[in-house]
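We name chains A, B, ... by the order of the sequence lines, and we start the count at 1 in each one.
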Amino acid sequence: MDNGESSTNDSSRPWESYNTVFTNAKAGMEGVDKEKVQRIVYEMSKGSKYFQNEERKEALMKQKIEHMRERSTKLSSTDLSNYQKVVDRRILELEATRDLSRIWLHVDMDAFYAAVETLSNPSLEGKPMAVGGLSMISTANYEARKFGVRAAMPGFIARKLCPELIFVPVDFTKYTHYSELTRKVFRNYDPHFIAGSLDEAYLDITVVCRERGLSGGEIAEELRSSVYSETGLTCSAGVAANRLLAKVCSDINKPNGQFILQNDRSTVMTFISSLPIRKWIKIGGIGKVTEHILKDALGIKTCEDMVQKGSLLYALFSQSSADFFLSVGLGLGGTDSPEARSRKSISSERTFSATGDEKLLYSKLAEIAEMLSDDMKKEGLKARTLTLKLKTATFEIKSRAVSLQRYTCSSEDILKHATKLLKAELPVSVRLIGLRMSQFSDEIRNSDPSQETITKFIIQKDSSRQNLDDNDYDGSKNCISNDESLGLSFDTHETSYDQLKDVEYEEQSEIDADKVIPNQEFKKEERPRVSEGDALLIKHKECRPDTSHSTNDAPNTEAVTVFPQMEPLLWIDGYKCNLCGIELPPSFVEERQEHSDFHLAQRLQNEESCSSSSTTPTSKRRILGKEKANSKLKKQKQDHKHIPIHTFFTKTNQNSFSYLKLIFQKRNQEEMKMVLNLISPKLNLSPFNTLGEPKPIPSMSDILTSSRTRNLDLKIQTLGPFFRVTGKNIDTGGEVGRAEGVVRPWFGKGLVLHLDTIKLTKETMKMEKSVLGVGLYVGAVAIRHGYDCGCRTAQLLAIYDSDLYHSKLVRFYRRIGFEEVKEVSGSSIGDMADMLVWGGVGTRMDASIHHLLLKWSKVFLKSKI
DNA sequence: GCGGATCAC
DNA sequence: TATGGTGATCCGC
């Protein structure tokens with residue numbers, strides 16, 4: 001859709017604009033011919049789906065940058081000087097938190113996985129080697145890095161860069177074992193060290209240094225040699241006043257080296273502001289995108305700039321982001337000793353070769369649910385939010401989440417809900433499926449057990465959202481952990497807001513306070529949670545909603561006993577009701593609402609007729625509680641024992657056809673024929689032939705189902721009267737054709753389906769040679785859409801381009817069932833209407849929609865048998 | 001709460 | 001031929 005953006009490349013050196021991360025500064029990359037690496041990476045990637053997605057992401061990033069730039073230019077100098085006041089005060093506050101009394105050490109193992117592999121297979125020594133496979137490598141040793149090979153690079157590109165590269169498969173048990181050995185050493189220096197990952201850690205060595213009268217550098221030397229003697233592995237270390245600086249330092253003399261930054265303010269400031277851009281990029285939290293935004297939109301290239309342009313940062317970013325940038329600029333961050341953080345989610349995901357085959361996808365999903373469930377059981381975790389992650393064949397990431405009523409870790413529960421989530425996305429061609437569970441049951445564990453129950457109650461109760469917010473335990477927790485994750489040890493929020501208000505009052509500034517108010521303020525007041533919780537509990541008991549026919553909750557036992565047959569209403573393929581099979585286009589929002597009301601009414605009828613005694617008043621109230629939006633229904637329910645189904649179908653516009661079909665399916669044919677004539681005598685949309693039999697025209701589902709057997713994924717979007725049908729190759733995700741147009745009244749013909757374009761792309765069509773096939777399918781969806789909208793006629797203009805092309809076009813349309821109506825040449829007054837509508841000359845061709853559907857029905861109904 | 005993005009390792 | 005898996009966070013809605 002958004003291509004054509006890459007044409008800005010310098011044509012002689014297109015690779016220069018392909019921003020891979022592979023040429024960033026990384027230890028061991030100093031002597032690398034970066035241009036060559038970049039060129040090869042570009043050439044290996046160019047044209048691939050992955051590459052296209054990178055281009056798409058890049059375009060988005062540019063947009064973001066442009067937006068940021070625009071916003072920055074709109075800032076007035078008064079704005080900026082006001083924000084500068086905030087910055088000035090903030091700097092003072094941040095300075096006050098500067099703690100130079102601690103000594104932090106960051107250890108980072110050198111090419112950890114590769115080094116471990118070399119240890120267990122010494123013949124690898126001195127040879128370029130990478131841990132991983134042809135699709136992805138995890139780590140490269142230093143010999144390989146000389147060729148530009150590095151972590152996160154696909155193996156096949158690495159091999160191109162270094163043909164003799166040796167690949168070694170990953171073996172996490174090995175790495176975990178060696179990691180544990182290193183950690184034993186770390187514990188001797190700081191029993192509470194923070195493990196960043198298997199191969200790195202932060203140690204607060206203040207105490208060791210003091211007790212043993214050694215400098216940070218001496219301790220680092222000792223630790224590193226101790227690690228070496230225990231494991232045979234080398235590591236690098238950085239020593240500084242805080243974790244952020246220590247981490248930067250450990251990178252400086254990599255591999256097998258160390259760097260010590262004195263705990264002295266001016267040394268720190270000189271160091272940080274002299275840091276070349278390539279170094280501070282790697283400061284945690286600033287990645288590729290943020291870097292570009294800072295640099296390209298705001299001209300911030302160094303840490304010094306961050307302080308100097310602080311007013312810009314505070315004007316354009318959230319408070320917490322701006323605070324983070326500013327503290328980086330001041331060389332602050334991470335002097336506290338945070339408590340060990342507990343995990344907040346657990347997940348499992350797998351990549352495979354892209355497929356749109358539903359059976360296959362469901363079985364992958366089951367495998368992943370199983371893995372996830374196993375992991376959760378191993379960790380003793382139960383959770384209530386399930387997130388499905390998909391990576392499409394075109395590398396786009398999608399996620400879909402549901403929050404369940406109960407905490408669970410069972411693979412059955414997970415799979416059941418995951419399947420629903422996946423089902424709603426089909427058809428889709430994906431290359432990765434992932435499942436994640438979050439919101440653990442013990443996340444809200446509290447010292448007071450009575451409070452825990454109340455909290456659980458609040459959390460479980462969906463409709464108490466407002467109250468939940470007011471008692472948002474997680475919210476306050478997030479605030480704290482944010483600061484931890486940023487390595488900041490100060491509380492930023494309220495003070496700054498007060499300051500800003502001061503500024504506003506003092507200066508009569510025009511700053512929009514909303515922009516600067518932190519998203520999450522600390523709630524410092526005591527929360528009256530027990531009494532509120534009690535009130536909630538009562539409220540909850542009173543009107544706990546029955547949500548069992550929404551798509552995303554766990555079964556409610558009570559509801560199940562009342563309505564054992566109750567299933568959630570879903571629109572299969574986005575079109576077809578799973579309960580009765582009626583089809584309603586997605587754009588028929590109101591109609592769909594009424595349709596679901598219909599099913600509800602049915603249930604109510606069943607309830608009344610089959611077991612009025614077994615139905616408790618409570619359960620009735622529940623149903624109505626959920627459906628209270630429909631006051632019509634409520635009234636019916638209260639006034640009558642039985643609800644006549646036709647009450648729900650009072651509309652008399654052309655859309656009523658859908659209802660009629662429904663009624664036809666549910667009720668006596670004769671009766672319905674009468675209703676049909678009553679409601680819609682003009683339109684010949686009867687689904688019956690003269691014999692009173694349903695006409696065999698393909699339904700939207702028939703068309704979609706049939707198209708899928710041809711590897712086509714068809715979608716229709718509507719915007720008011722406009723519509724667009726797109727057809728994609730299920731496997732590649734590439735677009736193969738589209739139709740666009742509008743449903744409009746036409747002189748004396750009622751509504752017509754006006755087809756603006758039917759476009760077919762040949763290149764991406766690896767499926768059938770037959771253009772006619774794709775055209776037919778795309779066209780059929782459009783035509784069926786017209787049918788659903790009550791159109792009788794479809795019309796199009798075979799545009800006159802050249803003789804040859806035009807006659808081909810006319811022949812094509814004739815083959816699929818259109819007939820020439822007239823030549824629109826602009827030579828007669830009568831052509832004016834057509835000219836105005838079509839904006840060109842050509843052959844106007846019409847077709848009877850019903851006729852087309854009948855004519856095509858064999859094609860689409862074939863697959864049904 | 002949800003979904004998209006970003007980030008780190 | 002071919003571009004990972006796990007976990008966290010933030011922002012906007």
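Atom-to-atom, CG of A/L165 to P of C/dA2 comes out at 20 Å; the value is rounded to the nearest Å. Atom CD1 in A/I433 sits roughly 12 Å away from atom P in C/dG5 (whole-Å rounding). Look at OH on A/Y50: it is 14 Å from P on C/dA2, rounded to the nearest Å. Straight-line distance from the CG atom of A/L381 to the P atom of C/dG7: 10 Å, rounded to whole Å. Rounded to whole Å, atom C1' of C/dC11 lies 12 Å from atom CZ of A/R71. Rounded to whole Å, atom C1' of C/dG5 lies 16 Å from atom CD1 of A/I137.
Remark: A/S345 is not in phosphate contact with C/dG7, judged by side-chain N or O atoms under 4.0 Å from OP1 or OP2. The side chain of A/S320 contributes an N or O atom lying less than 4.0 Å from OP1 or OP2 of C/dC11. Contact annotation: A/S347 side-chain N/O to C/dT6 OP1/OP2 distance is not under 4.0 Å. Between A/S321 and C/dC11 there is a side-chain N or O to OP1 or OP2 distance below 4.0 Å. Between A/K391 and the phosphate of C/dG5, there is no side-chain N or O to OP1/OP2 separation shorter than 4.0 Å. Note on A/T385: every side-chain N or O is 4.0 Å or more away from OP1 and OP2 of B/dG1.
Between A/G196 and A/K64, the one whose closest nucleotide on DNA chain B sits nearer the 5' end is A/K64. Remark on DNA chain C: of its neighbouring residues A/S348 and A/R159, the 5'-side contact belongs to A/R159, judged by nearest-heavy-atom nucleotide. Comparing A/I397 and A/V289 along DNA chain B, the residue whose closest nucleotide (by nearest heavy atom) sits nearer the 5' end is A/I397.
Of all nucleotides listed (B/dC2, C/dT9, B/dC9), C/dT9 comes nearest to the side chain of A/K344. For A/E349, the side-chain atoms get nearest to C/dT6 when compared with the rest of C/dT6, C/dA8, B/dC9. The A/A401 side chain lies nearest to B/dG3 when the options are B/dC9, B/dG3, C/dT6. Set against C/dG7, C/dA8, B/dG1, the side chain of A/R341 has C/dA8 as its closest nucleotide. When distances run from any side-chain atom of A/R350 to the nucleotides C/dG7, C/dG5, B/dT6, the shortest one goes to C/dG5. Side-chain atoms of A/A152 lie closest to C/dG4 of the nucleotides C/dG4, B/dG4, C/dG7. For A/F156, whose side chain is taken as the heavy atoms from C-beta onward, the closest listed nucleotide among C/dA2, B/dG1, B/dC7 is C/dA2. The side chain of A/L60 sits closest to B/dA5 out of B/dA5, B/dC9, C/dT6.
Taking A/D374 as the reference, nothing meets the side chain to side chain donor-acceptor pair (under 3.5 Å) condition, with sequence neighbours excluded.
Salt-bridge check for A/E200 with A/K247: passed, with a basic side-chain N closer than 4.0 Å to an acidic carboxylate O. Here A/E379 pairs with A/R343 in a salt bridge; the nearest charged N to carboxylate O distance falls below 4.0 Å. Under 4.0 Å is where a charged nitrogen must lie from a carboxylate oxygen, and between A/D413 and A/R384 no such pair does.
The salt bridge (charged side-chain N to carboxylate O under 4.0 Å, His left out) contacts involving residues 130-140 of chain A comprise nothing, where partners must be two or more places apart or lie in separate chains.
Between the base of B/dG3 and the side chain of A/R400 there is no donor-acceptor pair shorter than 3.5 Å.
Of the N and O atoms on the side chains of A/E180 and A/Y175, not one donor lies less than 3.5 Å from an acceptor on the other residue.
Nucleic acid contact class of A/K247 (heavy atoms, under 4.0 Å, all strands): sugar-phosphate only. Counting non-hydrogen atoms under 4.0 angstrom, A/L432 reaches the backbone sugars and phosphates but no base.
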